[in-house]
Every structure is written in structure tokens, then in C-alpha cells.
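The structure appears below as C-alpha cells.
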2 protein chains.
Amino acid sequence: MNQNKIMTIYDIAQEANVSVATVSRVMTGSAKVSEEKREKVETLIRKYDFKPNALAKGLSETKSKILGIMVADIRNPFYATLFMECEKEAGKYGYSLILYNTLSNPDLEVTYLEKMISMRVEAVIKIGGRIDDVVTDMEYVEQVNKVANSIPIVITGKLDGADCYSVRIDAFQATDLVMEHLFSLGHTDIAMIGGSTDTQSTVERYMRYKQQLRRRGIQIRDEYMIHHDYYDDRGGYECMKNLLLLEDRPSAVIAVNDFTAVGAMRAMAEAGIRVPNDMSVISYDDTIMANIMIPKLTSVSYNYENFGQMIIETVLKAINGEEQPRLKTIISELSARDSCGPCTKK
Amino acid sequence: MNQNKIMTIYDIAQEANVSVATVSRVMTGSAKVSEEKREKVETLIRKYDFKPNALAKGLSETKSKILGIMVADIRNPFYATLFMECEKEAGKYGYSLILYNTLSNPDLEVTYLEKMISMRVEAVIKIGGRIDDVVTDMEYVEQVNKVANSIPIVITGKLDGADCYSVRIDAFQATDLVMEHLFSLGHTDIAMIGGSTDTQSTVERYMRYKQQLRRRGIQIRDEYMIHHDYYDDRGGYECMKNLLLLEDRPSAVIAVNDFTAVGAMRAMAEAGIRVPNDMSVISYDDTIMANIMIPKLTSVSYNYENFGQMIIETVLKAINGEEQPRLKTIISELSARDSCGPCTKK
DNA sequence: GATATGTATGAAAATGATTTCAGAGGAGTA
DNA sequence: TACTCCTCTGAAATCATTTTCATACATATC
């Protein structure tokens, strides 16, 4: 409440009758100090609970020990989980994370990038947002590259022409899991509710979905490929309503993420369709929502701990200027729960 | 990718043929500079996209422009939403937020507090966690006070003896809303699933719940007051299972938060009980989960934007050493949705 | 005993900003 | 003309660290 004077290395040095260099050496262990002086300094450090000023340290070492992380919406459990794992992993290496929430506002994104430069964050992590665009917005890429010019950037998407590292879910492999699961349950009339077709991840999922259908000799039906521009429950709800208008309804629905699945299930509930008895639902991300729905959702799962570790590993290597691949891939697993059942459609 | 040399105020000064003081004055507007020199400096700033080093600035001004925020679990939408609002509001005043996720690990809490001191964050915000204990752990309070000694702390709970500011939900008023809503629907056999009875918020809810029942002349039944130590869906599930074993079941259930309500609804679904036809459910927090459940949950809502603003307002005043109340209160509203209906119990 | 080697130490520089202080020069006044 | 007053400017101090460099002293080597 009262703003006590915070100690400095000088205060310690004075009271211990040594130079600041010696105190610094005791703190960091960067060089040997005689037993006698070390004792004296350590005692004072404990006595006053001295914590060195990280700003001065950062300034002198030109290392802030801070990472900047930008997410579109921290309320989305997918982002929150990934943030948590990144924070946990980065903490092991002494890094703190500044979190910026962009709400997909492009102006804010730029503002935040500039702030991060000012802060001298050692790297920028960008999760979600405009980093997965199919058609590259050159102006945006230039903005990003201007930053990447001085600070390494690690993204979870794929941004053509941008000078950054990617740690990214393999949407093909993930979709293979989904399709094989549905095939194994006897489904052939499968719809897919995608997100914005401007994003790589949606496009890639559709692509694999079609490949898989072709491979099995199942006809691809355009009316089963439906999408919305937002990855939320309202989008899923609207799409599902449209699917339910079809004369020949699908027996299974793939949703681009849990949010979308949740919305779709609401539309089904309203129409009196039971999951999975009448229709199966499967989605991607396996967030906390998958577990709380009734029935519990079958969803593609990513091992978020590994995901976070891979992001931080990439960050650290980039900071140290180590050579490494520009694109790394996350492999998915399937968390089979209660929302998929055998095909009951005749 | 390539770590370009980052410019300093000296580089600009040299190229502009002025002193660093002049550049600083142009950057901050702290004093007048002749039109001619200002032009020259501003041109160079734009040309090189110069961003002043925030660490140096922080060091020299002894103001980091960073706030530290500690939450128990950022995956919990309640915390995530509150964080988001704080971040949004703090951003207006030029502050960035370092987020630490404690997962309720006491060791981590201490580590993080120390880290924040080192970082010279201007204030600490602590949301959830061990800041709402009924029985005060003096050792913990001492830890907190050691920090509060040099940095203001704002918490969302109530920690007796701790030298910090509180911005806190009025559990009594919130519970009044809940009880009145249920009464107005004709419910009298009302159960309450609480969280840990070691926390103020649970104790206060029980207290008001009993007061309200007494006021209406309804007998208080111990078997309707059930609780679990964790504020999650598993706890809600177990508690509800026990409630369902009762011969005389309640007609309405109050859950301590949305997570708990979700768990309770799962237990109901498994027992074939329909919500709200057979039993009503109401909860606190009105997170995103309340909206995605089927049926949608009726839940106590907090106006998170105001909540965040009040926290940041308190933080800023504390930083500036302004006088202010130690305890501020958040008033709730009720978001009535589909999980409560008229009492059907005979 | 003279020289080489090594270790502990402190003074001082560097990190990159802000701010204080003093001085230069111009304008206004008696 | 001499004085004050004001504005603009830069040199230097400050913030709190780390790190380099030089030195003092002890030990080892021939």
C-alpha cells in the first residue's frame, strides 16, 4: 500500500563493503567470488529480499526475457489452452509472456505488434487470426515482415511470403482420422461444416474430405459442403439449419471445431434429432467444451502440451539464431466419445 | 529471421545532427523543439520506423508500464473473460499485461509474485485462487504483504489481513437474484451445490440462501446443501448424483458456477430428468458455457466490462497513490434463459 | 630471487532512454 | 546601450544492471 523504497544492487554493495560488480557476480554466478564476500552479500540479499530490476538487467543484456503472444480471443478454450501450455513451457526458461487479445481487429494487431517491438520482446507468438489466409494480403505480410526483420515470429498458421516460423496442425492427417472413424461406423453420407473458405485450414479440410470420399467411390455432394465465416456456435447453428432443409440429409456431420459442433447440435436438438442415434457429430480441437456437452463430443485432439512445447522450442531456437525448419507439423489423435454412432440411415 | 540492428535514439540524433535530448523531446513532446529540427527528427523516425526501447524508458522513468496478472486457470471462461476486459481497459492507458497461470499451485504463486517484483510491474492483479479463504493462512498473507509492501495488489476476493484492494462480487445480492427468481417460479424445495466451504464466496451464498428460505418460512434442509471442493463439472456431477438419491428431491438446483451446473445437468440427463420440465437449474457467472448448453442456462451475470474497468481503475489509483476504498463491490444481474421453469413438483 | 601464471576485485564503460541544468542567442524594455 | 526575460539546445547526470579491463596480490616455476 505504501510503496517502500526498492533496493538496488548499490545498496547491497554499500552495506556489504564491496563493489556492485561483486554483488552482480554473486547474483548471476558469472564469476568467482571469495567465500567470505559471497556470504556477506548473500546474507544481505536474503535479509532485504532483494530482487534485481529486470528492466535494467534486460537493458544491459539486451534480453528482455519477455515473449509477446497474440491471440484472437482468449475466451476460446482452444487459444486459452495453447496459451497455458506456452506459458508453462516458456517459464521453464525464465520467460514471461505478455498476452494481447486482438479480437481479430486488424488495427489492434498492428498496434500490438508495435508495442511488442517497443517492449523488446525476444519473440512474437501469434496464435490464430489472420495468419492462415489462402489469398495473401500483401500489405499485411509486409507489416509482419517489418517486425520479423528485427524479432523472430512464430505462428500457428501458414502465411505465404511472411518471414516467420510455423508450427501447424496437419489438417490432412487430422481429417483422415475423422473420415476413417466415420467410414468405420458405416457412414457414407457425410456433411462438413467448414469455417471461412479464406483460411487454409478450412480449405485443406475440404480438400482431404473430398479426396477421401473419392477414394471410397462416394459421390461428392456440394450441398453437403457448407460453411460460415466465423468459427463460432452461431455459424454452426445456421449451417446445420440449412443442412436440415435438405431432402436427403447426411447421416454424419463434421464440424470445423467444437464451437461449430455445439451450434450444430443445438439446431439438431431443436429439430428433435438425437445425437448419435439419428445423426453423428464429430469435430476438431477437443476443447473443454467437447467434454461438457451432452452427449460428449467426439473430437480431434492435439496434445496441447506437445504443441506448446514445440512452439516454445521453435521460439528459443529462433532467438538463438539456430538453424531449423520453417514449418513444423502437429499430429492429431482422435478422442472418441459419445457423439458418433453406427450409421442408422437406410 | 535475420535480426536487423535495432535503432536507438543516438542513431537518430546523430543522423539528424541534434542531441539525444532533442530527439527525446520530439518523441515524448515533453518540451518545445524548433519546427526545423522537429521535422528532421520526425522524418527519420518514420524512415527507420523507430520505436523507443521500453526497457530503457521504464528504467529511466521507473515505470515499466506493465501490470502482472495471476489467474488460477485461464481455460476457465470466467477468468479468460475478466482477463480480456482488464487487458482491453489497461491498454487504453498504455499498459501491457503479463499473464501468469498458477493452476492453483501455491509454489508457483510465490515464484510468480517474485518474478513480478523483478519485472517491476506497476501493480499485481490476482483473480481467483487463494484469495477468498475463510480461514486466513497467515503465512500466505505474509507472503502477499511482503509484495504489497512495494507494489499495489488488487484482488477479486477477500483476504483478511492482506494489504490489498478488493474488487468483489456481492454474493449476497447475487444470491438474492437467484432466490427471488426461483421463488417467483413457485419453487420452495431448492438445493444448492456449493464449492469449497473454505472460500468466502461459497459460505456467503449458503448464508444468504438460508436467510432467504427463513424469510419465506421455508424449512432449511441440510441434505439440500451439498458441496464439492473443486469448482468444476466433475464436482457438480457427483453432487447431483447424491441429490438424486434423496427420496424427496428438490424441484430446483442452484449451482455455484456454470461448470458445476454443467456437471449437474449431465447427472440429470443420465437419470432421465428433463431440464427445466422436471427440475430447474440456475447458476452463477454466465460464461460462454451458459449459452452453449442445451437447454441454455439461466445464470447470474456480471457485466464483465464494468468489472474489468473497475479493477483497472483501482489499479491506476493505487499506482498514483490516490485515496480510495479498500473494497469495491460488483452488482449482478440475472440472465434468464431456458433452464428454469415453473415448479412442477406436487 | 626473478619471472610467469592465476585469481579476486573494483573502477568504469555500456545498455537506451529521460531529465536537469546551464548556456547561447534573440526579443523586449528602460 | 545595458538589462532582463524567454526559448531552444546540448552536455551530463540518472535509472540499475552486466561486463570489460586493469590491477593487486598470491602462488607456481625455473
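Each chain gets a letter, A, B and so on, in the order the sequences are listed, and its residues count up from 1. If you're wondering where the values come from, they're calculated on a predicted model, not measured in any experiment.
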Open item on the list: I want to check one thing: is the phosphate of C/dT7, taken as OP1 and OP2, less than 4.0 Å away from some side-chain N or O of A/R25?
Closed with: no
Open item on the list: Counting only side-chain nitrogens and oxygens, does B/S19 get under 4.0 Å of the OP1 or OP2 atom of D/dG10?
Closed with: yes
- [ ] Please work out if B/R120 contacts a base, only the sugar-phosphate, or nothing of the nucleic acid, heavy-atom cut-off 4.0 Å.
- [x] sugar-phosphate
- [ ] Return the orientation label for the B/F307 and B/Y304 ring planes: parallel under 30°, perpendicular over 60°, tilted otherwise.
- [x] parallel
- [ ] With the side chain of A/K37 defined as its heavy atoms from C-beta on, choose the nearest nucleotide among C/dT18, C/dA11, C/dT9.
- [x] C/dT9
Task: Given C/dG16, D/dC15, C/dG10, the nucleotide with the shortest approach to the side chain of A/L59 - done: C/dG16
Task: Any B/T22 side-chain N or O less than 4.0 Å from OP1/OP2 of D/dG10 - done: yes
Task: Any B/S34 side-chain N or O less than 4.0 Å from OP1/OP2 of D/dT9 - done: yes
Task: Nucleotide nearest A/V18 when distance is taken to its side chain, options C/dG10, C/dT18, D/dT17 - done: C/dG10
Open item on the list: I want to verify a distance call: between C/dG10, D/dC15, D/dA12, whose nearest atom is closest to the B/V20 side chain?
Closed with: D/dA12
Open item on the list: Can you tell me which nucleotide in D/dT18, D/dC15, D/dT17 comes closest to the side chain of B/T62?
Closed with: D/dC15
TODO: Look at A/E89 together with A/K92 and state whether they make a salt bridge at an N to O cut-off of under 4.0 Å.
DONE: yes
Open item on the list: Using the side-chain heavy atoms of A/S60, tell me which of these nucleotides is nearest: D/dT18, C/dT18, D/dT9.
Closed with: D/dT18
Task: Approximate separation, where rounding is to 0.5 Å, of B/D49 CG and A/E114 CD - done: 7.0 Å
Open item on the list: Can you identify which nucleotide, out of D/dG10, D/dT19, C/dT18, has its nearest atom closest to the A/S30 side chain?
Closed with: D/dT19
Task: Pair A/D163 + A/R326: basic N to acidic O under 4.0 Å - done: yes
Task: Nearest-nucleotide pick for B/Y10, side chain only, options being C/dT20, C/dG16, C/dA11 - done: C/dG16
Open item on the list: By the 4.0 Å heavy-atom rule, please label B/V23 as base, sugar-phosphate, or nothing.
Closed with: nothing
- [ ] Please work out if A/T8 contacts a base, only the sugar-phosphate, or nothing of the nucleic acid, heavy-atom cut-off 4.0 Å.
- [x] sugar-phosphate
